[in-house]
Q: 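Provided herewith is a single structure, encoded as structure tokens, for subsequent inquiry.
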Number of protein chains: 2
Amino acid sequence: MFQSYTIKDIAKALGLSTSTISRALSGSYKIGANTVKLVTEYAEKVNYRPNPIALSLKAHKSHSIGVVVCEVANNYFSQAINGIESVAYNSGYHVIITQTHESAAREQVNIEHLLSRHVDGLLVSLSAETTDVSFYQELKEKGLPIVFFDRIVPGIDTHKVYIDNFKAAFDATELLINNGFKKIAHITNSSNLLISRERLNGYLAALEKHQITFDQDYLVYCDHGGMLIHELETAIDELLALPNRPDALFTTNDRITTGCLPILKKRGIKVPDDMALAGFTNSDFAEWFAPSLTVVRQPAFEMGKLATEILIKSIESKRPIEEYTTHQFETELISRSSSASAIAF
Amino acid sequence: MFQSYTIKDIAKALGLSTSTISRALSGSYKIGANTVKLVTEYAEKVNYRPNPIALSLKAHKSHSIGVVVCEVANNYFSQAINGIESVAYNSGYHVIITQTHESAAREQVNIEHLLSRHVDGLLVSLSAETTDVSFYQELKEKGLPIVFFDRIVPGIDTHKVYIDNFKAAFDATELLINNGFKKIAHITNSSNLLISRERLNGYLAALEKHQITFDQDYLVYCDHGGMLIHELETAIDELLALPNRPDALFTTNDRITTGCLPILKKRGIKVPDDMALAGFTNSDFAEWFAPSLTVVRQPAFEMGKLATEILIKSIESKRPIEEYTTHQFETELISRSSSASAIAF
DNA sequence: TAAAATTGGGCAATCGTTCCCGAAGCTTTA
DNA sequence: TAAAGCTTCGGGAACGATTGCCCAATTTTA
């Protein structure tokens with residue numbers, strides 16, 4: 001098997017005790033300059049590397065953090081995970097990623113698993129199905145650091161990293177309105193999620209500002225966030241079947257936005273002539289779609305980074321944290337062809 | 001801090017020794033049925049979970065595997081990593097991902113880092129710059145299990161997971177030829193990489209089969225795999241400046257393929273009318289590009305899965321492995337608009 | 001009825017590291 | 001000159017779990 005030198009090997013080779021080696025290497029204690037030199041040089045020579053497992057055992061830390069997201073095959077989350085990994089890697093933490101696939105039951109199982117792996121903290125974006133968050137509250141009270149990101153929980157007082165969903169949705173909807181669309185439908189995620197409700201409110205507020213009366217038929221739910229392709233197809237078909245068919249679509253998340261285009265094409269609907277499209281997505285290719293997509297883009301990478309920085313700081317803080325931070329990032333609204341004016345002004 | 005019950009806590013609470021608890025829980029030893037019941041029920045009650053760190057320390061295993069890729073922000077690698085994670089997660093392994101950004105020096109540093117983390121094995125896809133692979137040979141000889149995937153090393157006898165690059169490139173090139181293109185350029189990655197050379201050979205063989213003489217000017221190298229946007233722009237501009245400008249492009253990897261379209265558009269080149277395009281990419285959105293892209297698609301997820309399965313089997317095998325497996329996956333050639341016929345037949 | 005076998009469970013070493021407590025040997029001070 | 005202080009280092013107990021070895025009590029066997 002692959003074995004490396006331990007502190008004990010060095011002690012034996014140099015005729016010193018393990019404590020001396022440890023201290024000489026850490027430089028934390030009064031050890032003779034000669035001994036320090038001897039030890040460090042020998043350690044260098046044999047390529048000594050402290051065993052992180054032993055360190056963890058002593059320090060009562062696993063040096064791993066658990067991540068809960070709905071799925072990684074999602075532009076937003078894959079970018080966020082990138083940010084998470086980058087910070088964790090540089091701070092010497094493992095990242096254990098779990099996917100809920102929008103199921104509350106799987107979320108529970110995942111938390112169980114992460115706990116059994118003795119994670120030092122949790123980075124959580126709720127599943128669409130989750131309504132009972134009491135176990136997060138319990139974990140928090142037991143002292144487990146938790147940072148919610150993107151899909152946060154309003155009820156639990158802990159760190160939160162997300163965006164101004166109301167404003168982002170408001171602006172995107174208003175862009176469609178300003179481009180001449182009046183019959184704007186909204187495909188949203190489960191109303192369990194705060195972000196769905198906030199985005200819906202932004203949409204409604206934009207309609208109201210421009211004196212467009214809200215049509216209940218124009219609001220369609222994909223309770224699994226569009227993860228099930230069938231679900232999104234049904235949603236779109238419902239809208240298309242409406243006697244007063246909408247002329248624009250505002251979509252609430254990554255899966256739904258990128259999923260719409262193929263479905264509309266399959267139905268022979270031209271974008272944006274028959275149906276305009278604007279929505280949340282972090283796809284790097286939105287510009288190269290046919291037509292290019294009007295999107296709300298979140299700083300996913302930065303959000304993942306910040307959430308992880310906060311979590312690690314929280315883990316490594318001596319005293320239990322009393323003050324919780326909430327950070328809202330700015331989003332970017334990028335106007336492209338899919339929301340081009342329906343009418344010539 | 002977040003603390004959970006240990007075997008010692010249970011022993012104290014039940015007035016038994018830690019060995020009894022351990023054996024009662026593992027069921028491996030002669031322990032009275034009553035005691036077993038008592039212990040298991042108590043453990044259940046307090047939600048006891050064995051500390052994986054302590055287990056690792058005893059077993060001399062970190063339960064982590066190191067991954068070396070050029071970058072994760074690449075459709076192929078992100079999908080492969082997905083496969084890696086899924087297998088590792090289910091087998092109780094951590095995955096530590098490192099990126100070389102095509103630099104040989106960073107690859108060395110990454111290996112150093114992974115070694116210092118005491119990984120149990122390595123999953124490697126070479127950087128474009130790497131030529132000296134002697135340290136992999138040394139690690140292998142020291143007993144560290146290594147699986148190469150995608151960008152394999154021909155010289156080292158260990159497990160390998162990749163595709164039939166020659167055939168995939170041959171077929172893609174032939175598709176362009178069959179569609180009426182005769183002046184086919186090839187943008188390739190560094191010739192350090194075996195996969196670049198194999199794909200180049202496939203391209204050349206297809207030309208030869210159809211009696212098209214190879215023009216050296218039509219072969220352009222992006223030595224950093226198109227990771228530097230400037231590099232790819234230069235490559236394309238060189239081709240466009242040619243007196244006898246090519247009418248089709250065959251591209252060797254994910255970054256280069258998806259990078260071409262925006263650059264060509266910026267130069268006012270129409271695809272496929274002015275320049276056809278076919279190349280390797282695993283983008284899920286290739287179909288929705290304008291124009292839709294003709295691609296060679298690799299089973300990235302499955303490749304990641306298989307590589308990890310082989311690695312973990314290798315790690316957990318009692319005896320050092322003598323037999324090394326080499327697995328070549330089938331690729332998929334998907335014909336779309338970007339390679340549509342230049343001439344009406 | 002005494003010896004042997006079986007059953008049930010404890011002791012202590014081990015993994016690699018840190019860190020509290022001494023313990024020498026030397027120098028300084030009163 | 002002896003006590004006190006400083007420097008430099010070692011012993012050994014943790015951390016949480018496993019496991020070989022041993023021991024006591026009970027049951028079986030001769």
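Numbered from 1 within each chain, the chains take letters A, B, ... in sequence-line order.
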Q: Hey, does the side chain of B:Ser22 come within less than 4.0 Å of D:dT18's phosphate (OP1/OP2), counting only N and O?
A: yes

Q: A:Leu55 or B:Leu16: which one's nearest nucleotide on DNA chain C is closer to the 5' end?
A: B:Leu16

Q: OP1 or OP2 of C:dG16 versus the side-chain N and O atoms of B:His118: is any pair under 4.0 Å?
A: no

Q: Between P on D:dG10 and CD1 on A:Ile10, what's the gap in Å once rounded to a whole number?
A: 14 Å

Q: With the side chain counted from C-beta on, respond yes when A:His118 and B:Ile53 share a heavy-atom pair under 4.5 Å apart, and no when they do not.
A: no

Q: Which residue lies toward the 5' end of DNA chain D, B:Ser19 or B:Ile53, if each is placed at its nearest nucleotide?
A: B:Ile53

Q: Does a side-chain N or O from A:Thr20 land closer than 4.0 Å to OP1 or OP2 of D:dC9, or not?
A: no

Q: Measure NZ/A:Lys12 against P/D:dG10 and give the value in whole Å, please.
A: 15 Å

Q: Does B:Arg23 get its side chain close enough to the base of C:dG8, under 3.5 Å, for a donor-acceptor pair?
A: no

Q: Does the distance from a Lys or Arg side-chain N to an Asp or Glu carboxylate O, for A:Glu41 and A:Lys37, drop under 4.0 Å?
A: yes

Q: Output the residues of residues 35-50 of chain A in contact with DNA chain C, where contact means a heavy atom of the residue under 4.0 Å from an atom of the strand; sort by number or write none.
A: A:Tyr48, A:Arg49, A:Pro50

Q: Could you tell me whether B:Glu112 and B:Arg117 make a salt bridge, using a distance below 4.0 angstrom between a side-chain N and a carboxylate O?
A: no

Q: When you match A:Thr18 and B:Ile7 each to their closest nucleotide on DNA chain D, which lands nearer the 5' end?
A: A:Thr18

Q: Counting only N and O atoms by type, is there a donor-acceptor contact under 3.5 Å from the side chain of A:Asn192 to the main-chain atoms of A:Ala128?
A: yes

Q: In whole Å, I'd like the distance from the CG atom of B:Leu14 to the P atom of C:dG9.
A: 11 Å

Q: Please report the distance, rounded to the nearest Å, between NZ in B:Lys61 and C1' in D:dA17.
A: 16 Å

Q: With the side chain of A:Asn51 defined as its heavy atoms from C-beta on, choose the nearest nucleotide among D:dC15, C:dT17, D:dG10.
A: C:dT17

Q: Taking CD1 from A:Ile21 and P from D:dT8, how many angstroms apart are they, rounded to a whole number?
A: 16 Å

Q: Does a side-chain heavy-atom distance below 4.5 Å link A:Tyr162 with A:Thr326?
A: yes

Q: If I take atom NE2 in residue B:His60 and atom P in nucleotide C:dG16, what distance separates them, rounded to the nearest angstrom?
A: 5 Å

Q: For the pair B:Thr158 (side chain) and B:Ile146 (backbone), establish whether a donor and an acceptor sit closer than 3.5 Å, ignoring hydrogens and angles.
A: yes

Q: Expressed in angstrom and rounded to an integer, what is the separation of B:Ile31 atom CD1 from D:dT18 atom C1'?
A: 13 Å

Q: Check whether any side-chain heavy atom of A:Phe148 sits under 4.5 Å from a side-chain heavy atom of A:His159, and report yes or no.
A: no

Q: Does C:dA13 have its OP1 or OP2 closer than 4.0 Å to a side-chain nitrogen or oxygen of B:Lys58?
A: no

Q: Please confirm whether the backbone N or O of B:Thr6 pairs with a side-chain atom of B:Asp9, one donor and one acceptor, at under 3.5 Å?
A: yes

Q: Over the length of the helix from C:dT1-D:dA30 to C:dA30-D:dT1, how much do the five-pair end axes diverge, rounded to 10 degrees?
A: 70°

Q: Which atom pairs, donor and acceptor, lie under 3.5 Å between side-chain atoms of residues 66-75 of chain B and protein residues at least two apart or in another chain?
A:
from: B:Glu71; atom 1: OE2; to: B:Arg255; atom 2: NE; distance (Å): 2.5
from: B:Glu71; atom 1: OE2; to: B:Arg255; atom 2: NH2; distance (Å): 3.3
from: B:Asn74; atom 1: OD1; to: B:Tyr76; atom 2: N; distance (Å): 2.9
from: B:Asn74; atom 1: OD1; to: B:Phe77; atom 2: N; distance (Å): 3.2
from: B:Asn75; atom 1: ND2; to: B:Asp254; atom 2: OD1; distance (Å): 2.8

Q: Please work out if A:Leu57 contacts a base, only the sugar-phosphate, or nothing of the nucleic acid, heavy-atom cut-off 4.0 Å.
A: base

Q: For B:Ser125, is there any backbone N or O sitting under 3.5 Å from a side-chain donor or acceptor partner on B:Arg151?
A: no

